[in-house]
Amino acid sequence: MHPYDLPDERGHFGRYGGVFVAETLMTALEELKTEYAKAKADPAFMAEFHHELAHYVGRPSPIYHAQRWSAALGGAQIYLKREDLNHTGAHKINNAIGQALLARRMGKKRVIAETGAGQHGVATATVAARYGMECIVYMGAEDVQRQAPNVFRMKLLGATVVPVESGSRTLKDALNEAMRDWVTNVDSTFYILGTAAGPHPYPMIVRDFVSVIGEECLTQMPAMLGRQPDAVVACVGGGSNAIGIFYPYIPHPDVRLIGVEAGGDGVETGRHAAPLNAGRPGVLHGARMYLMQDENGQIAETHSVSAGLDYPGVGPEHSYLKDIGRAEYVAVTDSEALAAFDDLCRFEGIIPALESSHALAYAKKLAPTLPADQVILVNLSGRGDKDINTVARMRGLEL
Amino acid sequence: MDNRIDRCFAGLQGRKALIPFITAGDPDATQTVPLMQALVAGGADIIELGIPFSDPMADGPTIQRASERALQRGMTLNKVLALVAEFRQHNQHTPVVLMGYLNPLEAMGYAEFAAAAQAAGVDGVLTVDCPPEEADELAPALQAQGLAPVFLVAPTTPLARVQALAKHAQGYVYYVSLKGVTGAATLDPQAVAQRVNELKTLIPLPIGVGFGIRDAASARAIGEAADAVVIGSRLVEEIERSGAQAAHNLTEFLSGIRAALDA
């Protein structure tokens, strides 16, 4: 039994969430809510979703005991939920497939998406090719630069990538531009939103589709260890991989849920992307949530080595979980994330995404403080092939 | 409720209201009051004054750039209110409606904002990303200060929703003439007229129409059915283009629209 039944009918998680959009989109969101409710109750729809996850994505993803790294850290055992092994290399594909099936069911032939690191853009381009849909991906111009391999991947898959030059030229601006496209082409277009944020029903839809991650863990951990983990750790930008692994664990009060935000140069420097640690509630992109903003309510610029976490807001359900105390939210710096990135490469032969490296960095801090019989389950949300240029550049190398 | 907006529409006597939009603080704070006065000189009945926001999701490139210019020069919601107060020293009759996004208002606090806006001489408030469903804190705070909550109606809004929306709205209703962002391409005056006439049977308020109105011909066509015509991006382009001549050019341009509406 889940301890709460949220969001409510109007999309609120406590005071968070809601539908803060221009009037033109209200009807489209209402229609999406209705169609999603029907799809979710339709056994054929859910069967197709799970069939795709098994045969196209390669689910279930394994859980792997990072033994050498755990031993080197000297404390709790670290286990990794291997979302990096999914087709397209990240957890984003789970949600993209669910929403693309929904788009097809609603008769929409054109899909749009925003992307930061490019993982959601690649996932959307992939499913658009898979289901024969036109695909437009909005990506901040700065992210187009730092995630060049993913931009090319999207183009190979037949998508049009539109660099967004406005504002800070990152994920939030890509989201603004995707919203502008949607408001203009609302009849023909399905917006495949990539994170557990945005207006209702998106945070709920994304959560439901990515919760397959945590649902698998619920059965995999007892099968491996005879019990559930002591802590579940995930990185949080908008918050989709974190809500995907947290949500099924919410009714298990003995399992600590720890979200790790991007601390950038350090939360104390102001150059970071950690709204749950250093922001306050506000309204952006369709929902009330914790936000990085100045005293006048203007959205603050964010900083993170990880494009996928470089976002000033965070999903409304995380905002709620923070306030009720069910989940803890911490931050690690760019350099801590990069150190954990190196560790996983060298100790385990796994190149993690820079996003996921934030979760690893916190596990690295936490493990030595706990006894060796404790278990930390980290959501390894994506693989790091896309990040090798960024990491090389930080070391003064050009590939 | 009786405020300047209601008095303005009551006094039109068959004329159509002309509602120009500019962004406060664009190109800089010293220009805003002279530009507002230039709009009045050109025949504005009501002024919509944009509150610049860092993430103007419903705006096209022209108004995005205006927001960026204003924010770069330090415009804030408090300063917008100070500009309205300054305008009111010279003009007591032209209604001023603030138009923007919710977060700056939420950051100030709705009650505090409404009191400060009333004191400054604001008459109505339109928040683009706050539909009536989410306005249960904002709308009462505005109404408590005698400010009109102005809401949008879109081409996609079903009639049942229009009726629900009419219960919350005051002042006038802003019909968004096309699916898109501000400053978007062309509109279809016939389709707009049909829709406006439908709305009139459901809403006991004046209907203003905006988005896509760029010249005397489109203003006149829209004015056939609507009670008010809103022009925004076209004026902001003029400000962007004409530098020190902006006030003069705005008056001249708006006079042409005024003449077309009154002809």
Side-chain angles (χ1 to χ4, degrees), chain A residues 9-12 15 17-31 164-168 172-189 198-200 279-289 291-301 312-313, chain B residues 51-61 64-65 67-68 71 74-80 100-109 113 127-138 151-158 160-162 165 173-176 178-182 184-185 211:
Chain A
E9 176 59 21
R10 285 168 49 201
H12 294 108
R15 61 185 297 219
V19 189
F20 293 90
V21 297
E23 178 61 28
T24 310
L25 294 178
M26 290 299 289
T27 302
L29 289 164
E30 194 59 39
E31 189 191 18
V164 178
E165 299 283 354
S166 57
S168 59
K172 83 175 173 75
D173 310 285
L175 223 152
N176 290 336
E177 207 57 34
M179 288 273 196
R180 291 181 188 120
D181 180 314
W182 199 30
V183 87
T184 306
N185 302 296
V186 62
D187 295 329
S188 67
T189 298
H200 180 62
R280 63 178 199 281
V283 173
L284 180 71
H285 294 151
R288 182 171 287 120
M289 56 187 173
L291 266 184
M292 289 182 50
Q293 53 180 316
D294 70 12
E295 68 277 14
N296 298 305
Q298 304 295 341
I299 307 310
E301 298 232 336
Chain B
I51 305 165
F53 183 50
S54 53
D55 293 79
M57 277 173 296
D59 284 300
Q64 288 177 43
R65 287 196 300 271
S67 268
E68 283 180 14
L71 290 174
M75 190 46 45
T76 64
L77 180 52
N78 272 312
K79 290 180 186 170
V80 173
Y101 295 80
L102 192 60
N103 201 54
L105 280 57
E106 177 148 321
M108 186 181 281
F113 163 74
T127 40
V128 179
D129 57 350
C130 188
E133 286 88 340
E134 299 290 356
D136 39 11
E137 283 179 63
L138 175 63
F151 288 105
L152 300 169
V153 172
T156 53
T157 308
R161 206 179 133 72
V162 172
L165 188 144
V173 165
Y174 186 137
Y175 178 61
V176 176
L178 46 80
K179 295 169 204 157
V181 293
T182 54
F211 282 40

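Labels below follow one simple rule: chain letters A, B, ... track the order of the sequence lines, proteins then strands, and each chain is numbered from 1.
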Report which part of [X] has an atom under 4.5 Å of a heavy atom belonging to chain B: side chain, backbone, both, or neither.
X       : value
L175(A) : neither
H12(A)  : side chain
D187(A) : side chain
V21(A)  : backbone

Keeping the roles fixed (side chain from [X], backbone from [Y]), state whether a donor-acceptor pair exists under 3.5 Å.
X       : Y       : result
R180(A) : P56(B)  : yes
T156(B) : T27(A)  : no
S54(B)  : I299(A) : yes
E23(A)  : V153(B) : no

Can you tell me how far apart [atom1] ([X]) and [atom2] ([Y]) are? Round to the nearest 0.5 Å.
X       : Y       : atom1 : atom2 : answer
N296(A) : L71(B)  : CG    : CG    : 9.5 Å
T24(A)  : L178(B) : OG1   : CG    : 8.5 Å
E295(A) : L77(B)  : CD    : CG    : 12.0 Å
D55(B)  : D173(A) : CG    : CG    : 6.0 Å
K179(B) : W182(A) : NZ    : CH2   : 13.0 Å

Please step through side chain to side chain contact (heavy atoms under 4.5 Å, CB included) for the pair E134(B) and V19(A), ending with a clear verdict.
CA-CA 7 Å; E134(B) 299 290 356; V19(A) 189; 4.2 Å; yes

Under 4.5 Å from a heavy atom of chain A, the part of [X] involved:
X       : result
R161(B) : side chain
E68(B)  : side chain
P61(B)  : neither
E106(B) : side chain

Hey, which of L165(B), N78(B), T127(B), D59(B) has the most heavy atom pairs under 4.5 Å with chain A?
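The residue among L165(B), N78(B), T127(B), D59(B) with the greatest pair count is D59(B).
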
Measure the shortest side-chain to side-chain distance between P104(B) and Q293(A) over non-hydrogen atoms and say whether it is less than 4.5 angstrom.
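Answer no - side chains too far apart.
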
[X] versus [Y], closest heavy-atom pair with distance:
X       : Y       : value
N103(B) : G297(A) : ND2-O, 2.9 Å
A107(B) : R280(A) : CB-NH2, 3.8 Å
F53(B)  : Q298(A) : CA-OE1, 3.3 Å

